Number of protein chains: 2
Amino acid sequence: MANDETRIQKNRRAQILDAGLEVFSADGFRGATLDGIARAAGLSKPNLLYYFPSKEAIYRELLDTLLDTWLDPLRALDPDGEPLEEMLGYVRRKLRLSRDYPRESRLFAGEILRGAPLIETVLGEELRHLVDAHCAVISAWMAAGRLAPSDPHHLIFSIWALTQHYADFEVQVAAVLGPERDRWAEAEAHLTAHFRRVLAAPSV
Amino acid sequence: MANDETRIQKNRRAQILDAGLEVFSADGFRGATLDGIARAAGLSKPNLLYYFPSKEAIYRELLDTLLDTWLDPLRALDPDGEPLEEMLGYVRRKLRLSRDYPRESRLFAGEILRGAPLIETVLGEELRHLVDAHCAVISAWMAAGRLAPSDPHHLIFSIWALTQHYADFEVQVAAVLGPERDRWAEAEAHLTAHFRRVLAAPSV
DNA sequence: CGTCTCTTTTACCAGACGGTCAAATATTTG
DNA sequence: CAAATATTTGACCGTCTGGTAAAAGAGACG
């Protein structure tokens with residue numbers, strides 16, 4: 001029932017969300033304009049507002065769906081796996097997320113930079129609980145001597161910071177490395193070796 | 001001659017730059033308004049424009065002075081010092097810069113996030129040469145077996161990413177850690193241990 | 001005191017921006 | 001086909017914003 005219409009609407013909405021992601025990630029919420037998003041989506045501004053009630057509504061929907069996919073790599077941590085490989089796998093998945101979805105990464109970074117006015121509660125509730133849960137797993141691994149001991153929270157921060165850096169600060173990385181080098185391949189090799197050294201249990 | 005007037009002007013200009021830093025770092029260039037900066041500076045908007053020709057002029061001056069102080073810790077690397085302590089000292093200086101000047105850190109991060117439209121050339125020239133020079137020093141240390149071998153460029157990226165993360169993503173760090181924990185003290189301890197493990201040469 | 005310069009304010013402008021409205025045009029449905 | 005509905009558009013509005021013009025203070029100096 002009314003499925004054809006729904007499909008048309010879904011297409012348009014997806015089209016608008018993609019345009020919004022493009023513009024919001026490049027210019028930030030305040031820097032982005034409805035005209036710019038409409039142009040990127042190939043629609044007129046009033047037409048765009050026929051599908052979304054406001055500029056903020058587009059932004060909010062982008063943020064909401066983003067948060068889910070953004071935390072997937074962390075959720076994929078397997079408490080029953082081999083600790084070192086699990087952690088290195090997490091690093092690799094997170095880095096590839098930055099490589100394949102740099103717009104999402106920058107959108108998120110911009111929101112946090114501005115003080116996360118729209119997702120403060122999400123950070124303090126959902127994110128915090130999720131991180132705490134996985135920190136418990138990591139702590140257990142460390143206590144069992146299967147990972148080098150350190151503060152699990154700050155360990156996770158270091159993974160976030162290092163992987164997102166390559167997306168969020170891409171122009172800086174590119175400027176310093178020059179155009180010839182393969183940033184992402186080098187990053188994956190470097191981060192793998194880096195975290196292997198940080199995480200590997202001292203003995204055995 | 002005319003030094004009194006100059007002193008008054010310098011005070012006003014400093015006042016405006018501080019207000020600009022406050023507002024620009026919180027809202028980004030496009031999000032900041034002249035009225036907001038004027039209010040933060042305790043001046044009227046036309047009075048503000050008596051000292052600076054435009055909004056962009058304030059932003060540019062902030063960026064220029066920022067870049068200098070931001071690279072000071074790197075310049076302080078001593079090629080004749082003890083490698084591990086030199087690198088750990090760099091990490092500590094950089095982290096304290098993030099702690100003591102979070103507004104500057106966020107201003108810079110925002111500019112890079114938006115593609116660094118105003119400082120692209122600086123990144124590709126000055127910054128790149130400075131980094132290359134210090135990478136040569138680090139490479140020499142590694143070749144001499146005094147530091148664990150890795151890619152010096154990515155090693156520097158990792159220091160930047162980890163230290164700036166605590167300033168640029170402060171709301172996220174605070175939300176995850178909760179209000180009681182001393183973020184900065186923990187960060188310094190964690191990063192010191194972290195990089196000691198990454199950098200320490202394997203044998204003796 | 002009067003003049004000259006430096007500083008500050010009041011009033012204002014032109015353009016951009018988020019959003020609305022009513023009419024026009026497709027599209028579906030009976 | 002016609003009626004009903006969904007979609008698109010052009011014209012428009014109030015507000016915000018960067019910036020300007022001109023005149024009113026405020027000291028400095030003779």
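Numbered from 1 within each chain, the chains take letters A, B, ... in sequence-line order. Bear in mind that the values here come from a model prediction, so they are computed numbers and not experimental data.
Atom CD of B/Glu126 has 12 or fewer heavy atoms from other residues, nucleotides or ligands within 6.0 Å.
For residues 147-176 of chain B, every residue pair satisfying the salt bridge (charged side-chain N to carboxylate O under 4.0 Å, His left out) rule, not counting sequence neighbours, is listed here: A/Arg181-B/Asp151, B/Arg106-B/Glu170, B/Glu170-B/Arg183. Residue pairs satisfying the ring pair (Phe, Tyr, Trp, His ring centres under 6.0 Å) criterion with at least one member in residues 78-105 of chain B, sequence neighbours excluded, are absent. Among residue pairs with one or both ends in residues 22-43 of chain B, those qualifying as salt bridge (charged side-chain N to carboxylate O under 4.0 Å, His left out) are B/Glu22-B/Arg103, B/Asp35-B/Lys45; sequence neighbours excluded.
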Show which side-chain atoms of residues 58-67 of chain B pair as donor or acceptor with protein atoms under 3.5 Å away, not counting sequence neighbours.
from	atom 1	to	atom 2	distance (Å)
B/Tyr59	OH	B/Glu111	OE1	2.7
B/Arg60	NH1	B/Glu56	OE2	2.2
B/Glu61	OE1	B/Arg13	NH2	3.0
B/Glu61	OE2	B/Arg13	NH2	2.9
B/Thr65	OG1	B/Glu61	O	3.2
B/Thr65	OG1	B/Leu62	O	3.1

What side-chain donor-acceptor pairs closer than 3.5 Å can you find for residues 127-134 of chain A, not counting sequence neighbours?
from	atom 1	to	atom 2	distance (Å)
A/Arg128	NE	B/Val176	O	3.4
A/Asp132	OD1	A/His153	NE2	2.8

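In this structure, B/Asn11 atom CG and C/dC6 atom P are separated by 18 Å, rounded to whole Å. Per the geometry, NZ belonging to A/Lys45 stands 11 Å off P belonging to C/dT20, to the nearest Å.
Among residues two or more places apart in sequence or in another chain, the salt bridge (Lys or Arg N to Asp or Glu O under 4.0 Å) test is passed with B/Arg196 by B/Glu85. Under the side-chain hydrogen bond (donor to acceptor under 3.5 Å, both in side chains) criterion, A/Glu120 pairs with no residue, sequence neighbours left out. Every residue was checked against the side-chain hydrogen bond (donor to acceptor under 3.5 Å, both in side chains) condition with A/His165, not counting sequence neighbours, and none meets it. Scanning for salt bridge (Lys or Arg N to Asp or Glu O under 4.0 Å) contacts around B/Asp72 gives B/Arg75, with sequence neighbours left out.
Between A/Ser44 and the phosphate of D/dT9, there is a side-chain N or O to OP1/OP2 separation shorter than 4.0 Å.
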Detail all sub-3.5 Å separations between protein N/O atoms and N/O atoms belonging to nucleotides 21-26 of chain C.
none

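Residues from residues 47-64 of chain A placing a heavy atom under 4.0 Å of any atom in DNA chain C, listed by number, are A/Leu49, A/Ser54, A/Lys55. Of the residues in residues 12-42 of chain B, those placing a heavy atom less than 4.0 Å from an atom of DNA chain D are B/Ala32, B/Thr33, B/Leu34, in numerical order.
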